[in-house]
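Some notes on the structure that comes next.
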Amino acid sequence: MDFLLTQEQTKLKESVINFVTKTLNEGAHERQNREDFYLEGWKKCADFGMLGLPMPKKYGGLEMDLLACVGAMEGFGYASKDFGLLFSINSQIWTCEAPILRFGTEEQKNKYLGGLISGTLIGGHAITEANSGSDAFSLTCRAKRSGDKYILNGTKMFITNAPIADILLVFARTDERKGFAGISVFIVEKGFAGFSIGKPLKMMGLRDCPLGEVILQDCDVPVENRLGKEGAGSAIFNSEMEQERSCLFATHLGSMEKILEDCIEYAKTRHQFGKPIGSNQGISHKIAEMKLRVEMSRLILYKVAWMKANGLRAPMESAIAKLYISESYVATCLDAVQIHGAYGYSTEFGLERNLRDAIGGKIYSGTSEIQRNIIATFLGL
Ligand SMILES: Cc1cc2nc3c(=O)[nH]c(=O)nc-3n(C[C@H](O)[C@H](O)[C@H](O)COP(=O)(O)OP(=O)(O)OC[C@H]3O[C@@H](n4cnc5c(N)ncnc54)[C@H](O)[C@@H]3O)c2cc1C
């Protein structure tokens, strides 16, 4: 067993930390207050190669294995003060680029991947609807075949990147009788007739990551824009989620590590009653718990990445990783606010922002309760 990143993977992680610290953080606080998407930052990330980390060189990617991607995302989370941008980027990579690469035709890959990786196109995926969230396959958006096109009707909710997206992978029902096997996926361009974006949605955290409603009203989608076979939607969704649960949460691990370091420093330097607050067990034990969460999160995450890099499926392990890391992140952010007292509660230190951003992680990519259901199902319950 080897628990260390290779020299090359470590170098990549360090170069990401360097890049993010030097080029992405300035003005992050103000952008979040204004709820401004950082397009220039997106382009800088594209130039650096972030948008194509796991993608083949043939389409402009860096072709990194999954462990290297996890290390790089950990570095991104460690250094970034802009979790909205980071979340937007990860959504595009794991829920738009990855399924196109895995299930797309050569024409679809050539048409879309280059632009997504180079930053000229922005993408996302749209499955959630007002009345189908956790029960994603109960969606009611319809796609009816008519000659060489499909006609899509329905409305999608809470779609990351929707207000700025050039393409979205839209999940729609093509066969009423087949339940989850009657769902298909379509690459929908923003210029297609009948496609529009509803009002942007204001969220508790990740405020500079645009989220919105997608409206499909007799939206014409050419047959060649169906991703995978008709009825392959649920398999595509499950594959997307497994990838996202393995990689997106590496950013949370990186952020937890930075918060831990900051809390150690604060606990050593903040004095009350004539001694550092860290000399009180009430504080030092909180910090010990933070360290425990970082170590346990890293173990499970690297295990999942190793499984995926070795061609193994990891549906239960990725659910365990997602559940453990997202809940650990919230607990760590809460402890960090408490350790910093009123300074933690103030908007100056960014700790309340971390907490607001972290809470979303218990909801997107499948809620905590759904991850527990997945684990229980694998245990035969
Ligand atoms: C920041 C953010 C970004 C998002 N981005 C996207 C995106 O890009 N594309 C997209 O399609 N969607 C996106 N979503 C939507 C997300 O996938 C859904 O919010 C999520 O699947 C949960 O659905 P829901 O919010 O409708 O909650 P519901 O499904 O209504 O659940 C409400 C509560 O009931 C619990 N619950 C439901 N069913 C069960 C059960 N069987 N057992 C136990 N508890 C249960 C849930 O865990 C939750 O606590 C995003 C959400 C957020 C917060």
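Note that ligands are numbered from 1 as they come in the structure, with each ligand's atoms numbered from 1 the same way. If you're wondering where the values come from, they're calculated on a predicted model, not measured in any experiment.
Nearest protein heavy-atom neighbour of atom 39 (C) of ligand 1: Ile370 CD1, 3.9 Å. Of the protein's non-hydrogen atoms, the one nearest atom 9 (N) of ligand 1 is His125 O, 3.0 Å. The protein atom (non-hydrogen) at minimum distance from atom 51 (C) of ligand 1 is Tyr364 CB, 3.9 Å. The nearest protein atom to atom 27 (O) of ligand 1, hydrogens excluded, is given as Ser134 OG, 4.1 Å; this is a heavy-atom distance. With hydrogens left out, the protein atom closest to atom 14 (N) of ligand 1 is Phe158 O, 3.4 Å, a heavy atom. Nearest non-hydrogen protein atom to atom 24 (P) of ligand 1 is Gly133 CA, 3.9 Å. The protein non-hydrogen atom at the shortest distance from atom 44 (N) of ligand 1 is Glu369 CB, 3.4 Å.
For the pair Phe76/Phe19, no side-chain contact is recorded, criterion being any heavy-atom separation below 4.5 Å from C-beta on.
With a heavy-atom cut-off of 4.0 Å, Asn373 touches ligand 1 through its side chain alone. Counting heavy atoms under 4.0 Å from ligand 1, residue Thr367 touches it through the side chain alone. Within the 4.0 Å heavy-atom criterion, neither part of Lys156 lies near ligand 1.
Side-chain contact, Asn280 with Lys275: a donor N or O sits under 3.5 Å from an acceptor N or O. Inspection of the Glu107 and Tyr112 side chains reveals no N or O donor paired with an N or O acceptor under 3.5 Å. Between the side chains of Ser318 and Glu242, no donor-acceptor pair of N or O atoms lies under 3.5 Å. Side chains of Arg293 and Thr332: a donor on one and an acceptor on the other come within 3.5 Å. Of the N and O atoms on the side chains of Tyr302 and Glu74, at least one donor lies less than 3.5 Å from an acceptor on the other residue. In this model, no donor atom of one side chain and acceptor atom of the other lie less than 3.5 Å apart for Asn25 and Asp82. For the residue pair Tyr329 and Ser255, a side-chain donor N or O sits within less than 3.5 Å of a side-chain acceptor on the partner. One side chain, Thr140 or Glu129, offers a donor N or O that lies under 3.5 Å from an acceptor on the other. For the residue pair Glu261 and Tyr78, a side-chain donor N or O sits within less than 3.5 Å of a side-chain acceptor on the partner.
Between Ser132 and ligand 1, no pair of N/O atoms sits closer than 3.5 Å. Residue Ile127 has at least one nitrogen or oxygen atom sitting less than 3.5 Å from a nitrogen or oxygen atom of ligand 1, judged on distance alone.
In this structure, atom 35 (C) of ligand 1 has no protein heavy-atom contact shorter than 4.0 Å. Under the 4.0 angstrom criterion, atom 32 (C) of ligand 1 counts as lacking any protein heavy-atom contact.
Proximity to Ile159 (heavy-atom distance under 4.0 Å) selects the following atoms of ligand 1: 7 (C), 8 (O), 9 (N), 10 (C), 11 (O). Short contacts between ligand 1 and Ile363, defined as distances under 4.0 Å to a heavy atom of the residue, involve ligand atoms 19 (O), 20 (C), 53 (C).
Selection from Thr128, Thr160, Leu168 by nearest heavy atom to atom 12 (N) of ligand 1 gives Thr128.
Geometrically, Arg145 engages Tyr150 in a cation-pi contact, judged by NZ or CZ lying under 6.0 Å from the ring centre and within 45° of the ring axis.
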